[in-house]
Structure formats: C-alpha cells, structure tokens
Amino acid sequence: MSVVYIENIADYEEKEVTLKGWLYNKRSSKKLHFLQFRDGTGIIQVIVSRDDTGEEMFAIAESLTQESSFIVTGIVKKDSRSKIGFEIHASSIESVQMIEYDADDPQKQGYPITPKEHGTAFLMENRHLWLRSRQQWAILRIRHSVIRAIRDFFDNRGFILFDTPILTPAACEGTSTLFEVDYYDKKAYLTQSGQLYAEAGAIAFGKVYCFGPTFRAEKSKTRRHLTEFWMVEPEVAYITLKEDMELAEQFVAYIVKYILETRTPELEILERDISKLQSATELPYPRVHYNDALKMIEEAGDKIEWDKLNWGDDFGSPHETYIAGQFDKPVFIHRFPVITKSFYMQPDPEDDKYSMSMDLLAPEGYGEIIGGSQRVHDHDLLMKRIKDHNLPLDSFQWYLDLRKYGSVPHAGFGLGVERFVTWICGIPHIRQTIPFPRMLDRIYP
RNA sequence: UCCUCGGUAGCUCAAUCGGUAGAGCAGGUGGCUGUUAACCACCGUGUUGGGGGUUCAAGUCCCUCCCGAGGAGCCA
C-alpha cells in the first residue's frame with residue numbers, strides 16, 4: 001500500500017492508498033459521511049460507509065471537525081460525480097489531531113474560518129489559517145509557477161542570477177520611501193531596487209537578473225501596494241530601449257503562456273476569464289509614445305473624472321487605467337519626459353526632453369507591472385544628473401566607475417511579482433498574492 | 001498626509017422618527033444511502049470598538065481617541 005498525494009491520484013485507480021491530510025468540510029447522513037479531504041496538493045472526497053468500515057471507524061469519521069488532521073486509507077474509485085474524477089472509499093481512518101469544540105472553553109472554539117462568508121479584516125488576522133482555503137491555495141500555486149517561469153525564462157536565455165544586497169548604504173532615489181535600519185550605529189536602508197547593482201553585474205556578465213524582496217516605506221494605502229514585495233530586474237549590456245521593450249514583452253508573454261499551460265485548474269477555481277490572458281501571449285504589444293498617450297487622455301476629455309494633465313506631468317492611476325482600457329493586451333508607454341523620471345535614465349538622442357524609459361500597463365485596470373529604461377552611460381552626464389537631483393556624490397562613486405571603465409549602452413526593467421500575479425489571477429487585491437503581506441498598518445501575522 | 005465609508009453574538013449582517021437587542025451561518029442534539037457552501041427540526045450566545053456629553057430614554061445624536069476598508073498622491 002502506498003502513501004500518495006491527491007495530485008497523483010489518477011495513477012492509483014482501483015488501488016488501495018493512504019492519504020495524510022486535513023478535513024476541509026464534511027457532509028453526513030445516517031450511513032454515509034462525505035469528507036472533503038485536503039492534503040496540500042488538492043481536495044478529494046472520501047466516502048465513509050458504515051457498512052464498509054464498521055461502527056468504530058464510522059464514529060471517528062463522524063467526530064472529525066473542520067481542519068482536524070487525520071490519515072485515511074482506502075480504494076481509489078473513478079467517479080463522474082467528483083470534480084477531479086476520483087474519490088476514496090475509506091477502509092480505515094486514523095485521527096492525528098482532533099480540533100475540539102467547547103462553548104464554555106475559550107481555548108476550544110473550533111477552527112475559526114468556517115465555510116461561510118468572512119470579512120477581509122478577519123481573514124487577514126487569520127492569514128496563517130486562511131492560506132488553507134481553496135482560493136488562497138490556487139493563488140499561491142500560481143505565484144509559485146510565475147516565479148518558476150521567471151527563472152526559466154532568464155536561465156534559458158543565458159542570464160546569470162545576480163543577487164543584489166538588501167541592506168544598502170544610501171538611497172538610490174531619495175530617502176523618503178526607504179525603511180531605515182541601524183547598522184552598527186550607522187544608518188542603512190532596506191533596498192527599494194537592485195537595479196544599480198545589477199548594472200555592475202551586466203557589465204561583468206553581459207546579462208543578469210536580480211530577484212529578491214524590495215521595500216518601500218511609502219504610505220500608500222491602495223489595493224495595488226505592499227511595503228514588502230518581490231521584484232525581478234534584468235539588466236543587459238549593449239542594448240537600448242528598443243531591445244529592452246522586446247525583452248519585456250517576450251518575458252511577459254512567456255510567463256502568461258506557461259501559466260495557461262500549467263495552472264488551468266487553479267485559474268478555474270479563481271473563475272478567471274482566460275480569454276483575457278490569451279491575448280497577452282500574442283506579440284507585439286502596442287507601443288504608445290508619451291505624447292500620444294497625453295493626446296488620448298486629452299481626447300477622452302471629461303468623460304472621466306481625473307486631474308487635467310500638462311506636458312511633463314506623470315500619469316495618475318485613473319489615466320493609466322484609461323489608456324490600458326483602450327487595448328486588449330498589455331501596452332507600453334515610452335519616452336516619458338526627463339523631468340518626471342529618475343536620474344539614471346538616458347535621454348532620447350532624437351530629443352533630449354524625453355527619456356529612454358517605458359512602463360508596461362496590464363489590461364483590465366491592473367496598472368503598471370513593469371517599469372524600465374535605458375541607463376545613462378556617459379560619465380559626465382551621469383555626474384551632472386546626480387548633482388542636479390541633490391544626491392550624495394560619494395555614495396555613487398562606484399556607480400560612476402561603471403561609466404569610467406568600459407562604459408556601454410545598457411538597459412533593463414523591473415517586474416513586480418505580486419502585481420503580476422494579481423493580474424494573472426484576476427483578483428481585486430494584491431494582498432492575497434503573497435503568503436504574509438506587509439502593508440501600511442499590517443505587519444501581523 | 002488628505003478624502004470617503006465602516007466597527008452590534010465566534011463569523012456575516014439587521015434593528016423605521018432616539019423607545020428597552022435579532023436573523024443566517026458556525027457549534028450541540030436528533031433525522032436522512034450520494035451529499036457538493038447538503039438539507040430538515042430543536043437548543044445557547046451580547047461591556048453594540050474605548051472614553052466623555054446631550055436626553056426621561058442612545059446601537060441610533062454630538063465630541064474625542066482607537067481600529068478596519070476603499071480612494072488620492074507615489075510607485076512595481
């Protein structure tokens with residue numbers, strides 16, 4: 001007899017197997033118990049019949065409460081009534097830990113998350129348990145596959161994984177959005193991007209990617225923000241903005257395709273409209289110049305309530321949502337005015353009012369999932385930009401060195417994993433795409 | 001930081017003009033051989049977020065603090 005997982009159950013039809021897991025839900029009648037049994041890889045229905053198992057086993061099944069842990073042995077039966085095509089006809093049940101209920105004992109109140117409706121505040125307080133629920137399970141399995149696809153994409157193309165530091169000595173774009181930590185009586189900061197370090201990697205290895213947690217102390221309180229999130233940032237030597245956008249769209253299309261091929265059951269649990277993802281596998285994505293995007297917004301006039309934009313303004317999220325809504329696949333906006341963008345972005349050789357920068361907006365109002373640019377490679381220009389932005393020059397000596405010794409045009413971008421997963425899953429809030437979200441006003445559990 | 005909405009039973013919510021707190025679910029008991037958020041019957045549950053005020057009377061009105069949700073700005 002084998003100990004097996006539900007995800008492999010089809011290999012054991014008509015065989016006797018042992019499953020180890022937990023009770024997801026239960027329905028009963030006089031002679032039958034229907035146990036919804038989960039083992040982490042899936043959910044299967046276990047049929048416990050009084051006639052087959054005898055009184056003793058039947059009583060154990062009867063007493064099982066939600067999320068109690070137990071081990072079940074039985075025959076795998078094909079059954080068209082099952083959602084996964086199979087069920088288990090139990091021959092024996094062994095309780096591992098029974099969750100007790102006693103109305104008078106505050107320590108024995110049963111499993112808090114019942115199969116009924118709950119508010120998100122309550123569920124977030126119980127995030128450590130909420131993870132067991134079917135939807136959360138589906139989302140985090142998709143997250144896993146997104147991360148795997150990210151790694152496969154770059155690894156298959158000869159990129160080197162280049163880990164950048166989490167503790168950094170100085171802000172790369174001003175200190176206001178950084179978490180400060182004490183570093184042996186000196187100030188240090190949690191990284192908000194590995195990009196500057198990845199640039200050193202790109203010159204050393206040709207093409208690299210860094211992939212790690214990122215911290216932003218912005219007091220953002222929206223469904224698109226986490227204070228701690230995961231970002232993957234490729235950086236490539238000898239490419240310009242054009243190749244950067246091509247890399248970005250191939251990258252996104254690859255991940256979407258991988259998810260569609262490997263995670264349909266999870267997308268079904270989430271009731272995701274897959275047709276909206278399919279279009280994102282078809283290249284190229286539209287490219288809209290900043291000026292044309294501005295024009296689109298002007299032409300939309302006051303059909304939508306938003307702030308009036310002047311040339312040089314960055315887009316607010318209502319503007320981004322509108323532009324993304326005009327296309328059925330992700331859309332690039334490129335060449336933002338230099339004045340709105342970071343110091344390291346290369347000016348457009350054809351018109352230096354514009355930067356060689358781009359954002360990739362996800363469809364359906366999911367907002368910016370990628371931001372990238374070609375970087376300044378001229379030493380003197382970069383130094384001037386650092387000074388103009390009032391940044392501490394000595395913190396950037398090493399960064400300037402990269403422009404002193406064999407400088408070449410180079411470019412890269414960053415993709416926020418959780419925003420990406422939010423879009424793939426078609427869910428309303430980013431907080432469900434990471435096991436334990438860190439947000440303004442939330443650091444528990 | 002600003003704007004809006006909310007906090008009532010373990011959970012989700014209701015409570016008319018200010019008039020003495022009530023449903024569903026979860027839990028328990030019983031019933032049912034195939035249930036899919038199973039169903040049917042019966043049973044218990046309260047510092048109405050904290051503090052202060054107005055009033056004969058406050059879940060309801062006023063002040064204040066705390067907590068939560070959504071949005072803006074900023075960003076991935």
Side-chain angles (χ1 to χ4, degrees), chain A residues 24-36 43-52 63 65-66 77 79-84 87 89 99-106 108-126 133-134 173-174 176-177 192-195 213-233 305-307 313-321 340-342 359-362 366-372 413-423 428-431 433 439-442 444:
Chain A
Y24 194 73
N25 197 4
K26 181 177 73 175
R27 288 176 282 275
S28 302
S29 62
K30 192 174 186 180
K31 292 188 176 175
L32 285 175
H33 291 302
F34 302 98
L35 309 179
Q36 309 303 313
I43 296 176
I44 196 167
Q45 177 158 273
V46 175
I47 314 297
V48 185
S49 149
R50 185 173 240 148
D51 298 340
D52 296 352
S63 65
T65 49
Q66 193 192 353
K77 294 277 186 188
D79 196 304
S80 58
R81 288 166 294 194
S82 160
K83 275 175 190 159
I84 62 167
E87 5 179 84
H89 286 236
I99 300 176
E100 293 176 77
Y101 181 85
D102 178 350
D104 300 324
D105 184 346
K108 296 180 182 174
Q109 289 299 300
Y111 187 70
I113 302 177
T114 63
K116 296 290 168 182
E117 279 176 51
H118 299 284
T120 48
F122 175 78
L123 291 168
M124 287 307 303
E125 279 298 301
N126 290 284
S133 302
R134 200 194 297 257
E173 294 161 51
S176 64
T177 65
Q192 60 172 5
S193 163
Q195 180 211 312
T214 304
F215 307 87
R216 302 273 166 96
E218 270 298 334
K219 297 203 169 177
S220 298
K221 200 179 147 89
T222 81
R223 65 177 84 183
R224 294 183 304 279
H225 287 89
L226 296 168
T227 54
E228 177 184 314
F229 65 96
W230 286 69
M231 185 156 70
V232 58
E233 296 171 278
E305 204 173 303
W306 52 29
D307 294 338
D313 289 342
D314 213 345
F315 302 126
S317 77
H319 309 106
E320 282 185 357
T321 303
T340 68
K341 288 292 178 179
S342 302
D359 284 354
L360 183 67
L361 306 181
Y366 282 96
E368 187 182 338
I369 49 172
I370 278 180
F413 61 83
L415 173 130
V417 168
E418 290 78 12
R419 276 203 191 162
F420 192 88
V421 174
T422 308
W423 165 53
H429 205 297
I430 197 169
R431 67 187 152 209
T433 62
M439 295 176 294
L440 186 66
D441 299 331
R442 166 132 261 132
Y444 178 91

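Order of the sequence lines fixes the chain letters, A, B, ..., with proteins taken first and strands second; residue numbering starts at 1 for each chain.
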Asks: Quick one: label A:Phe122 by what it contacts on the DNA or RNA (base, sugar-phosphate, nothing), any heavy atom closer than 4.0 Å.
Replies: sugar-phosphate
Asks: Salt bridge or not for A:Lys77 and A:Asp79, using N-O below 4.0 Å?
Replies: no
Asks: Taking B:rA41 as the reference, what is the distance to B:rA23 when you measure between their P atoms (whole Å, please)?
Replies: 15 Å
Asks: Could you state the CZ-C1' distance from A:Phe215 to B:rC75, rounded to the nearest angstrom?
Replies: 16 Å
Asks: Select from A:Arg419 and A:His429 the residue whose nearest nucleotide in RNA chain B is closer to the 5' end of that strand.
Replies: A:His429
Asks: Regarding A:Thr214, tell me which of base, sugar-phosphate or nothing describes its non-hydrogen contacts under 4.0 Å with the strands shown.
Replies: nothing
Asks: Does A:Gln66 reach a base, just sugar-phosphate, or nothing at all? Heavy atoms under 4.0 Å.
Replies: nothing
Asks: Check the side chains of A:Thr114 and A:His118 for a donor-acceptor pair under 3.5 angstrom, ignoring hydrogens and angles.
Replies: yes
Asks: Can you tell whether the side chains of A:Arg224 and A:Glu418 come within less than 4.0 Å, N to carboxylate O?
Replies: no
Asks: NA contact type, A:Asn25, heavy-atom cut-off 4.0 Å: base, sugar-phosphate, or nothing?
Replies: sugar-phosphate
Asks: When rounded to the nearest Å, what value does the distance between P atoms of B:rU4 and B:rU36 take?
Replies: 47 Å
Asks: Only pairs with both distances under 3.5 Å count, Watson-Crick or wobble alike; so what is the partner of B:rU47 in this structure?
Replies: none
Asks: Using atom types as modelled and distance alone, determine if a side-chain donor or acceptor of A:Thr227 lies under 3.5 Å from a backbone N or O of A:Leu440.
Replies: no
Asks: Measure from CG on A:Leu32 to C1' on B:rU33 and round the result to the nearest Å.
Replies: 5 Å
Asks: Would you indicate which nucleotide in B:rA76, B:rA37, B:rU36 comes nearest to any side-chain atom of A:Arg81?
Replies: B:rU36
Asks: Please pick, from B:rG70, B:rG34, B:rA26, the nucleotide with the shortest atom-to-atom distance to any side-chain atom of A:His89.
Replies: B:rG34
Asks: How far, in whole Å, is B:rA58 from B:rA21 if one measures between their P atoms?
Replies: 12 Å
Asks: Okay, side chain of A:Asn126, backbone of A:Phe122: is any donor-acceptor separation there less than 3.5 Å?
Replies: yes
Asks: Starting at CG of A:Asn126 and ending at P of B:rU12, how long is that distance when rounded to a whole Å?
Replies: 10 Å
Asks: Please pick, from B:rU35, B:rA76, B:rG73, the nucleotide with the shortest atom-to-atom distance to any side-chain atom of A:Gln45.
Replies: B:rU35
Asks: So A:Gly316, base contact, sugar-phosphate only, or nothing? Heavy-atom distance under 4.0 Å.
Replies: sugar-phosphate
Asks: Nearest-Å distance, CZ (A:Phe229) to P (B:rA76)?
Replies: 7 Å
Asks: How long is the line joining CG of A:Leu440 and C1' of B:rA69, in whole Å?
Replies: 12 Å
Asks: So A:Asp314, base contact, sugar-phosphate only, or nothing? Heavy-atom distance under 4.0 Å.
Replies: sugar-phosphate
Asks: Side chains of A:His33 and A:Ser49, heavy atoms from C-beta outward: is any pair under 4.5 Å?
Replies: no
Asks: Quick one: A:Ile113 CD1 to B:rG27 P, roughly how many Å, whole number?
Replies: 14 Å
Asks: Do you know the tightest heavy-atom contact between A:Thr340 and A:Asp314?
Replies: CG2-N, 4.1 Å
Asks: Is B:rG70 paired to anything, Watson-Crick or G-U wobble with both distances less than 3.5 Å, and if yes, which nucleotide?
Replies: B:rC3
Asks: When you get a sec, tell me which of B:rC75, B:rG70, B:rU36 is the closest nucleotide to the side chain of A:Glu320?
Replies: B:rC75
Asks: Scan A:Ile370 against the nucleic acid and name what it touches under 4.0 Å (heavy atoms): base, sugar-phosphate only, or nothing.
Replies: sugar-phosphate
Asks: Taking only side-chain N and O atoms of A:Arg224, does any of them lie within less than 4.0 angstrom of OP1 or OP2 on B:rA72?
Replies: yes
Asks: Nearest-Å distance, NZ (A:Lys26) to C1' (B:rA26)?
Replies: 13 Å
Asks: For B:rC32, give the paired nucleotide (Watson-Crick: N1-N3 plus N6-O4 or O6-N4; G-U: N1-O2 and O6-N3; both under 3.5 Å), or none.
Replies: none
Asks: With sugar-phosphate meaning primed atoms plus P, OP1 and OP2, does A:Leu415 contact a base, only sugar-phosphate, or nothing at under 4.0 Å between heavy atoms?
Replies: nothing
Asks: Using atom P of each nucleotide, how far apart are B:rC62 and B:rU16 to the nearest Å?
Replies: 15 Å
Asks: Does the side chain of A:Phe34 reach to within under 4.5 Å of the side chain of A:Glu87, using non-hydrogen atoms?
Replies: no
Asks: Distance check, P atoms only: B:rC42 and B:rA37, in whole angstrom units.
Replies: 25 Å
Asks: OP1 or OP2 of B:rG70 sitting under 4.0 Å from any side-chain N/O of A:Arg431?
Replies: yes
Asks: Assign A:His225 to base, sugar-phosphate, or nothing according to its heavy-atom contacts below 4.0 angstrom with the strands shown.
Replies: base
Asks: B:rU8 pairs with which nucleotide, Watson-Crick or G-U wobble, both distances below 3.5 Å?
Replies: none
Asks: Would you classify B:rC17 as syn or anti? Syn applies when the glycosidic angle is within 90° of 0.
Replies: syn
Asks: Is a donor on one side and an acceptor on the other found under 3.5 Å between the side chain of A:Tyr366 and the backbone of A:Pro428?
Replies: no
Asks: Could you measure between the two P atoms, the one in B:rA9 and the one in B:rU47, and give it in whole Å?
Replies: 8 Å
Asks: Does B:rA14 have a Watson-Crick or wobble partner in any strand here, with both distances under 3.5 angstrom, and which is it?
Replies: none
Asks: Within the stacking criterion (centroid distance below 5.5 Å, interplanar angle below 30°), does A:Phe34 stack on B:rG34?
Replies: no
Asks: So, is A:Ser193 close to the B:rA76 phosphate, meaning a side-chain N or O under 4.0 Å from OP1 or OP2?
Replies: no
Asks: Of A:Lys219 and A:Met124, whose nearest nucleotide on RNA chain B comes first from the 5' end?
Replies: A:Lys219
Asks: Base, sugar-phosphate alone, or nothing: which one does A:Arg134 contact when heavy atoms must sit under 4.0 Å apart?
Replies: nothing
Asks: Take the protein atom CZ of A:Phe413 and the nucleotide atom P of B:rC75, then report the distance between them rounded to whole Å.
Replies: 19 Å
Asks: Using the P atom as the reference point in each nucleotide, state the distance between B:rG24 and B:rA69 in Å, no decimals.
Replies: 30 Å
Asks: Under 4.0 angstrom, heavy atoms only, what part of the nucleic acid is A:Glu87 near: base, sugar-phosphate, or nothing?
Replies: base
Asks: Would you indicate which nucleotide in B:rU35, B:rC11, B:rC75 comes nearest to any side-chain atom of A:His118?
Replies: B:rC11
Asks: State whether the distance check finds a donor on one side and an acceptor on the other, under 3.5 Å, for side chain A:Ser220 versus base B:rC74.
Replies: yes
Asks: Any side-chain N or O of A:Thr65 less than 4.0 Å from the OP1 or OP2 oxygen of B:rG27?
Replies: no
